[in-house]
Q: 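One structure, as structure tokens, below. Some questions next.
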Amino acid sequence: GRERERWRRPAHAWCELSIAHLALPLAFPTTPIMDTNPKSEPHSVAQDLVTFLNASPTAFHAVQEAKNRLKAAGYLQLSESEDWRLRRGGKYFFTRNHSTLLAFAVGNKYLPGNGFMIIGAHTDSPCPKLKPVSKLTKAGFLEVGIQTYGGGLWHTWFDRDLTVAGRVMIKHESEGSVSYSHDLVWIQEPILRIPTLAIHLDRNVNDGFKVNTQTHLAPVLATALKAEIDKLVKVDDIPQTEANGVLASNVEAMKTHEILKGRLGKYDFVKDDLHHPLLLQLLAHKLGCEVAEICDFELQLCDTQPSLIGGACKEFIFSGRLDNLCMSFCSLKALIDGTSGNSLEEEIGVRMVALFDHEEIGSNSAQGAGSPVMFDALSRVTLSLRANDLQNLVEKAISQSFLISADMAHCWHPNYQEKHDENHQPKLHNGLVIKHNANQRYATNAVTAFIFREIGKKHGIPVQDFVVRNDMACGSTIGPILASGVGIRTVDVGAPQLSMHSIREMCGIDDVAYSYEHFKAFYQDFMEMDSHLIIDI
């Protein structure tokens, strides 16, 4: 009896379905399963992730959702263009380009030169983005010209109910003065679709479907005939349906209105015929502005199917953008919860999250991990709290700091088992994966892996290891970029997932909870553990 008490089934082992729902009886495992369940209720953390995902169709929206959560937790927003007046025990964040965000909390016992505990992730995901001139008309259809961003599995974008989201630059005029703002936009109704070619016209398609991203990937917006008949439509008159809201397919029911003659000719953006008027009208209607007030935009395609918890045992998350909003969410939640209450009373360091844009295309931008944004933040925090002109404080702080580069990892695929090294096969529900590469495509080394693994061990949180096969190319992360650019000790980790870079990915709910708990434990225990390490002496 006592031996059995050492074991219990983790949450994912029992299907949360009644037998009445199934044609066949459930066969439950008879072998005891070790108690490695995360301390947090997996469904609670996973459902919070789903909420985050469903609010974040783009990097801009993800940063906005992060801002909302940070402000609700008492974090104050800073501006990079202004002086920072920080205090011990204070909690702060700032954004760059509204697609990168850094948040940090200063310990009550922090001294300038002490270390930073940082978790870094990224906000962007592969997707088709609209071209500067997106207007296409082919074979009687209005299409939208796109360019591919990152290394997506582009065939997964076909035959999906799609829409657009991003940010729009809007001109505001009031009493003779002019100002400009960027407003986030997300048309949540399905307005676009990329249709595949019927098999009758391509009998060999199942021998290998090769996507020409220039000619095959343009989504259909409407038929030219319908758009021409009603191109002077007033969007307010588009009929609503319970299921779908505003639909382009309802164009025949729209009323015409003379808005193009009076409003569309003011700006080159519209006059030069860069985009379909129908698309601009939908954007203006969503934003509550006039078409002529739209100056420019950054838009991308996104799926209209919401993220959700699924699987027969409710153990998976099905969603787009898990790479890497899952790690962004887990690190953000760990920071917020790990700095609540009196958790900073005895803290001697700074706890930080850094969420970067443009990882999927190499990080070489003003808001990417290759920029000085993180080094600048470390410097400004260190120097703003110094009491005198002590030298080399920033260098001292970096030498005592630690970065977890958190980016999703490749789960062992049941249908492609040969794609993994025989000794490195990460599985769902088994915790975060430590990524290794001898050629430093990942920044992990023995010291950083030990620290991360030991923190998990102390809290009963499992970890796994991954090395890519020698006959396959290895990907990379922000880890090596920041390790080499800042000089900070770094470990590369990530939660295991399937279907990476698909429009619809999947991961396990237990690993979401494990990630959150491990990151929170890192903030709690790193400084103490680091004080016992003897390396460069």
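Bear in mind that the values here come from a model prediction, so they are computed numbers and not experimental data. Just so you know, residue 1 is the first one in the sequence shown, and it goes up from there.
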Q: Could I get the full list of ring pair (Phe, Tyr, Trp, His ring centres under 6.0 Å) partners for Phe116, not counting sequence neighbours?
A: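 Partners of Phe116 by the ring pair (Phe, Tyr, Trp, His ring centres under 6.0 Å) criterion come out as none, since no residue qualifies.
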
Q: Identify the heavy atoms of Leu217 and Thr213 that sit nearest to each other, and give their distance.
A: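 Of all heavy-atom pairs spanning Leu217 and Thr213, the closest is CB-O, 3.6 Å.
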
Q: Tell me every residue that passes side-chain hydrogen bond (donor to acceptor under 3.5 Å, both in side chains) with Asp202, counting only those two or more places apart in sequence or in another chain.
A: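 By the side-chain hydrogen bond (donor to acceptor under 3.5 Å, both in side chains) rule, Asp202 matches no residue at all.
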
Q: Residues in salt bridge (Lys or Arg N to Asp or Glu O under 4.0 Å) with Arg321, at least two apart?
A: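 By the salt bridge (Lys or Arg N to Asp or Glu O under 4.0 Å) rule, Arg321 matches no residue at all.
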
Q: Below 4.5 Å, heavy atoms only, C-beta onward: do Ile119 and Leu335 meet side chain to side chain?
A: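 No, too far: nothing below the 4.5 Å cut-off.
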
Q: Test: side chain to side chain donor-acceptor pair (under 3.5 Å). Region: residues 123-140. Which pairs qualify, not counting sequence neighbours?
A: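 Residue pairs passing side chain to side chain donor-acceptor pair (under 3.5 Å), neighbours aside: His122-Asp124, Asp124-Tyr149, Lys131-Gln214, Ser134-His275, Lys135-Asp273, Lys138-Glu143.
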
Q: What pairs with Asp161 under salt bridge (Lys or Arg N to Asp or Glu O under 4.0 Å), at least two apart in sequence or on another chain?
A: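 Counting only residues at least two positions away or on another chain, Asp161 forms a salt bridge (Lys or Arg N to Asp or Glu O under 4.0 Å) with Arg193.
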
Q: Quick one: salt bridge (Lys or Arg N to Asp or Glu O under 4.0 Å) partners of Glu360, sequence neighbours excluded?
A: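 Not a single residue meets the salt bridge (Lys or Arg N to Asp or Glu O under 4.0 Å) criterion with Glu360.
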
Q: Ser177: which residues meet the side-chain hydrogen bond (donor to acceptor under 3.5 Å, both in side chains) condition with it, sequence neighbours left out?
A: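 Scan of Ser177 (side-chain hydrogen bond (donor to acceptor under 3.5 Å, both in side chains), adjacent residues dropped) gives none.
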
Q: Any side-chain donor paired with an acceptor under 3.5 Å for Asp492 and Thr444?
A: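 No.
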
Q: In chain order, what residues pass the salt bridge (Lys or Arg N to Asp or Glu O under 4.0 Å) check against Asp207, with sequence neighbours excluded?
A: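 For Asp207 there are no salt bridge (Lys or Arg N to Asp or Glu O under 4.0 Å) partners, ignoring immediate neighbours.
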
Q: With sequence neighbours excluded, what pairs up with Arg167 under the side-chain hydrogen bond (donor to acceptor under 3.5 Å, both in side chains) test?
A: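 Arg167 satisfies side-chain hydrogen bond (donor to acceptor under 3.5 Å, both in side chains) with Asn97, His182, Glu298 once adjacent residues are dropped.
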
Q: Any Lys/Arg nitrogen of Asp48 or Lys333 sitting under 4.0 Å from an Asp/Glu carboxylate oxygen of the other?
A: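 Between Lys333 and Asp48 there is a salt bridge, with a charged N closer than 4.0 Å to a carboxylate O.
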
Q: State, without any angle test, whether Asp357 and Ser99 hold a side-chain donor-acceptor pair at a distance under 3.5 Å.
A: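 Result is yes, a qualifying pair exists.
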
Q: So, using ring pair (Phe, Tyr, Trp, His ring centres under 6.0 Å) as the criterion, who are the partners of Phe158 when residues are at least two apart?
A: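 Ring pair (Phe, Tyr, Trp, His ring centres under 6.0 Å) check on Phe158 returns Phe209.
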
Q: Do Thr58 and His61 have side-chain atoms, one donor and one acceptor, less than 3.5 Å apart?
A: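 Judged by distance alone, the side chains do pair up.
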
Q: Listed by chain and number, what are the side-chain hydrogen bond (donor to acceptor under 3.5 Å, both in side chains) partners of Ser319, not counting sequence neighbours?
A: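 In terms of side-chain hydrogen bond (donor to acceptor under 3.5 Å, both in side chains), with neighbours along the sequence ignored, Ser319 is linked to Ser307.
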
Q: Do Ile199 and Asn206 have side chains that get closer than 4.5 Å, going by heavy atoms?
A: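 A side-chain contact under 4.5 Å exists here.
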
Q: Could you report the tightest heavy-atom contact between Val50 and Ile317, atom names first, then the distance?
A: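 Heavy-atom minimum between the residues: CG2-CG2, 4.3 Å.
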
Q: Which pairs of donor and acceptor atoms, one on a side chain in residues 410-419, lie under 3.5 Å apart (sequence neighbours left out)?
A:
unit_1 : atom_1 : unit_2 : atom_2 : d
Trp412 : NE1    : Gln417 : O      : 3.2
His413 : ND1    : Asn415 : N      : 3.0
Gln417 : NE2    : Pro414 : O      : 3.2

